[in-house]
Q: 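Below is the structure I would like to discuss, written out as structure tokens.
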Amino acid sequence: MDARPFSSKEGVVLDVKPLRSLAPMFPAPLGFNTTFTSSGATPFVCVSPIGALSSTGGELPPFPPYFASPNAGAQPAKYGTPAANGSYDGVVRPSVFQTPERAEFSDTYLDDDSEFYVHTSTSGRKIRRPKRFSGNHMDDSEAEGSDWKKPKQRKKPHKIKDLSSICPSSLDPRESVEGVLMTFDALRRRLVQLDEVTDASKRADLKAGAIMLANDLRANMGKRIGLVPGVEIGDIFYFRIEMCVVGLHAPSMAGIDYMTTRVGDVDETAAISIVSAGGYENEEGDVNFLVYTGQGGGGASKHSEKKQVDDQKLERGNLALEKSFQRGSLVRVIRSAKDSNCITGKIYIYDGLYKVQESWTEKGKAGFNVFKYKLFRELGQPEGITVWKRTEEWKLNPSSRGRVILPDISSGMENIPVCLVNEVDDVKGPSHFTYATRVKYLKPISSLRPLQGCRCLSVCLPGDTSCSCARQNGGSLPYSSSGLLVSRKAMIYECNNSCACTANCRNRQTQKGVKIHFEVFRTKDRGWGLRSWDPIRAGSFICEYTGEVEDKVEFDEDSDEDQYIFQAIYVDEKTLNWNHGPELLGDPSISQSEIFKPLPIIINAKNVGNISRFMNHSCSPNVFWQPVLHDHSEEEYPHIMFFAIKHIPPMTELTFDYGSSDGNGMDFFATTREPKRCLCSSPKCRGVFG
DNA sequence: GCAGGTTCACCGGC
DNA sequence: CGCCGGTGAACCTG
């Protein structure tokens, strides 16, 4: 999945392909060679080579002066004209808006990420941040006192000093974005766990979001038109706040994000992004266009009556979309899809850049005026929602999947068929092996120690101090109510046969087999790989590493046997960072040894195995392994269960870090394996693995 | 289905 | 002008 070169998707696609159409009317990301200033004398100064431009007034120019590109003055930038000094390649090179905040950030999170910190005013008049989230005012003492509104005695987000340990700064925007999301979700999962016990008010997403914002743990602050560095088309989100903290779509509720800037005496406004979430009467037929309904008129969620109570007005987001239409500027589109696995039933998918092609008003169902905007997707972008439409179809009708070699490689052994496809070459399938959904112990596990069982009736519940399984897991159940792993641990103890609880108990996530539509597919250069038709949420159980449990590694030098051998001797950095975040709540930080202990277990999947034997290595993986016990108590021979590190869109290859024998990282044993050249093409690739 | 809760833009005061 | 505080709108989530 992360086997993408630096700034891959945008960069590669936009650079190489004739993607002129993607050159934005507003030069690339807003802020490109444009300095916003908060000093009132000259609200907007264009520092392009051409020099400052003044407002033309009157009709809307294709390039409003405040969005002017370097070549805008000399020759009016036409649609498709690449920006002069470096083209529009998806890598943001905006000028830096020097703010006090900027200085403040510089030694904390995104340290040299000035490029990605374009702090712009959305009003043009004022540039400020809400006091309660301003680092300048967020001394503990001060925040405690006056400003923080307290209609409810809500806990104020805890601001900590050293953020580097939690979310290390990175020059790679993708890494920054992923780090922010990973921290957010770790925080959110932990808050869910805490809330369940105290029965406190819910909305862990908002709590986690508030803490992230209070600590400036976010990427791409400031609004920009066009692509967002580090956020790739096709990325998925489970909460609106997630899109907020990575700078994709700022409003926590509103569907239209826009910015207003002041040019001379006039306010100019432009839409930035829209979320098509189904609250209004939108048509979502074709994947290439979208009819979006304007906001206002009381037609949306707020009031329970779904009926409008008033005409929509040409203001705010509606006005912004209208202006974007007139200028032909690009608008990011986030579409939503149903997901039954998710409690909210909804996932947000970033579908890339669109342009408004029509706008009109019509009478809504309640007889009031509504604004309608028809947006078309820009050509040549990576696939977004298209992938979903395809996989949805496959799930309904598996025979519609083309290039299938085998409809079910597990021959009915898995809960859901695993199809085998090759869209790359003529290879007819992997070499022979026996499919097995469980590990085979060549020597019987000596279960001398009897399994402990809890006495919970029906299901184990959080906060039940009498649950021995919860105690064994350190006091709380390891999974959230939606079944997500809360944090990585040295060992997870699931409920077992001796427990009184039923199979519906949440502490039995991994023992019931896979719940995901997998496919084994032919990669271009790394043999077979594994991916999913379903979206996979961070913390979800994916599958077990099955095979034959051996005593020692034995393989011929010439054989490829070792590529099917799993050893629990290495854990990658990302795995260790996975738990980071709860420190922001004041939780003690977890030491590496608490998360990871090397284990003697060796699993050989050469002759016997399941889908996980097809999972390739990556130095930037999206999956990690976690030891779990559920049917015996041999701590040194646990089940090896895979979980998602982050949200994984459908059809993204699943990879984990095989480890390395170069002595770096967390390699606890010297291995005899021959290192192999790594082809993961991650920016952090170590070059070899195994 | 309702309601508690959030952010941000906007506006007015100093 | 810039800072501060209040207010209201908004395709949220449980």
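In what follows, every chain begins at residue 1, and chains take the letters A, B, ... in the order their sequences are listed. Side-chain atoms are counted along with the backbone in the values below, which use heavy atoms only and exclude waters and symmetry mates.
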Q: Out of B/dA9, C/dG14, B/dT6, which nucleotide sits closest to the side chain of A/K223?
A: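 Taking heavy atoms from C-beta onward, the closest nucleotide is B/dA9.
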Q: Please pick, from B/dC10, B/dT7, B/dG4, the nucleotide with the shortest atom-to-atom distance to any side-chain atom of A/R203.
A: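 It is B/dG4.
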Q: Please report the distance, rounded to the nearest Å, between NE2 in A/H249 and P in C/dC12.
A: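 That distance rounds to 9 Å.
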Q: For A/F325, which residues count as a side chain to side chain contact (heavy atoms under 4.5 Å, CB included) partner, sequence neighbours excluded?
A: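 A/F325: side chain to side chain contact (heavy atoms under 4.5 Å, CB included) contacts with A/E322, A/V356, A/S359.
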Q: Taking a pair as Watson-Crick (N1 to N3 plus N6-O4 or O6-N4) or G-U wobble (N1-O2 and O6-N3), both under 3.5 Å, which stems of 3 or more consecutive pairs involve DNA chain C?
A: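 The stems are B:2-4 with C:12-14, B:6-14 with C:2-10.
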Q: Round to a whole Å and report the spacing from CE of A/M253 to C1' of B/dT6.
A: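 So the two atoms are 7 Å apart, to the nearest Å.
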Q: Return the value, rounded to whole Å, for the distance between atom NZ of A/K338 and atom P of C/dT13.
A: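 Rounded to the whole Å, the gap is 16 Å.
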Q: Does A/T293 make a side-chain N or O approach to OP1 or OP2 of C/dC11 shorter than 4.0 Å?
A: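 The answer is no; no side-chain N or O of A/T293 sits under 4.0 Å from OP1 or OP2.
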Q: SG/A/C495 to CD/A/Q509 distance, rounded to the nearest 0.5 angstrom?
A: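 One gets 11.0 Å once the value is rounded to the nearest 0.5 Å.
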Q: Shortest non-hydrogen contact from A/R332 to A/L353?
A: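 Shortest heavy-atom separation between A/R332 and A/L353 comes out as CG-CD2, 3.6 Å.
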Q: On the ring face of A/W578, is A/R190 found with NZ or CZ under 6.0 Å from the centre and within 45° of the axis?
A: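 The answer is no; the distance or angle limit is not met.
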Q: Using a strict 4.0 Å threshold on nitrogen-to-oxygen distance, state whether A/D205 and A/R188 make a salt bridge.
A: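 Salt bridge between A/D205 and A/R188, a charged N being under 4.0 Å from a carboxylate O: no.
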Q: Between A/R316 and A/I241, which has a closest nucleotide on DNA chain C that is more 5'?
A: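 This one resolves to A/R316.
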Q: Which whole-number value in Å describes the distance from A/Q295 CD to B/dA9 C1'?
A: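 After rounding, the gap between these two atoms is 11 Å.
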Q: A/Y348 OH to C/dC12 P: how many Å, rounded?
A: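 Rounded to whole Å, this separation is 5 Å.
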Q: Tell me the interatomic distance from A/D205, atom CG, to B/dG5, atom P, rounded to whole angstroms.
A: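 Going from A/D205 (CG) to B/dG5 (P), I get 13 Å.
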Q: Which one, B/dG5, B/dG4, B/dA9, comes nearest to the side chain of A/Y258?
A: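 The closest nucleotide is B/dA9.
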Q: Return the set of residues passing ring-ring contact (aromatic ring centres under 6.0 Å, His included) with A/F184 (not counting sequence neighbours), or none when no residue passes.
A: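 Partners of A/F184 under the ring-ring contact (aromatic ring centres under 6.0 Å, His included) test: none.
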Q: Got A/F643 and A/S540 here, is their nearest side-chain heavy-atom distance under 4.5 Å?
A: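 The answer is no, as the side chains (C-beta and beyond) never meet within the 4.5 Å cut-off.
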Q: Let's see if you can work this out: which of B/dC10, B/dT6, C/dG14 has an atom nearest to the side-chain heavy atoms of A/L206?
A: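 Selected nucleotide (nearest to the side chain): B/dT6.
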Q: Give the nucleotide from the list B/dC8, C/dC12, B/dT6 with an atom nearest to the side chain of A/K346.
A: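 Side chain of A/K346 sits closest to C/dC12.
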Q: What integer distance in Å separates A/F239:CZ from C/dA10:P?
A: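 Going from CZ in A/F239 over to P in C/dA10 covers 24 Å.
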Q: Quick one: A/I272 CD1 to B/dC8 P, roughly how many Å, whole number?
A: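 The distance from CD1 of A/I272 to P of B/dC8 comes to 12 Å, rounded to the nearest Å.
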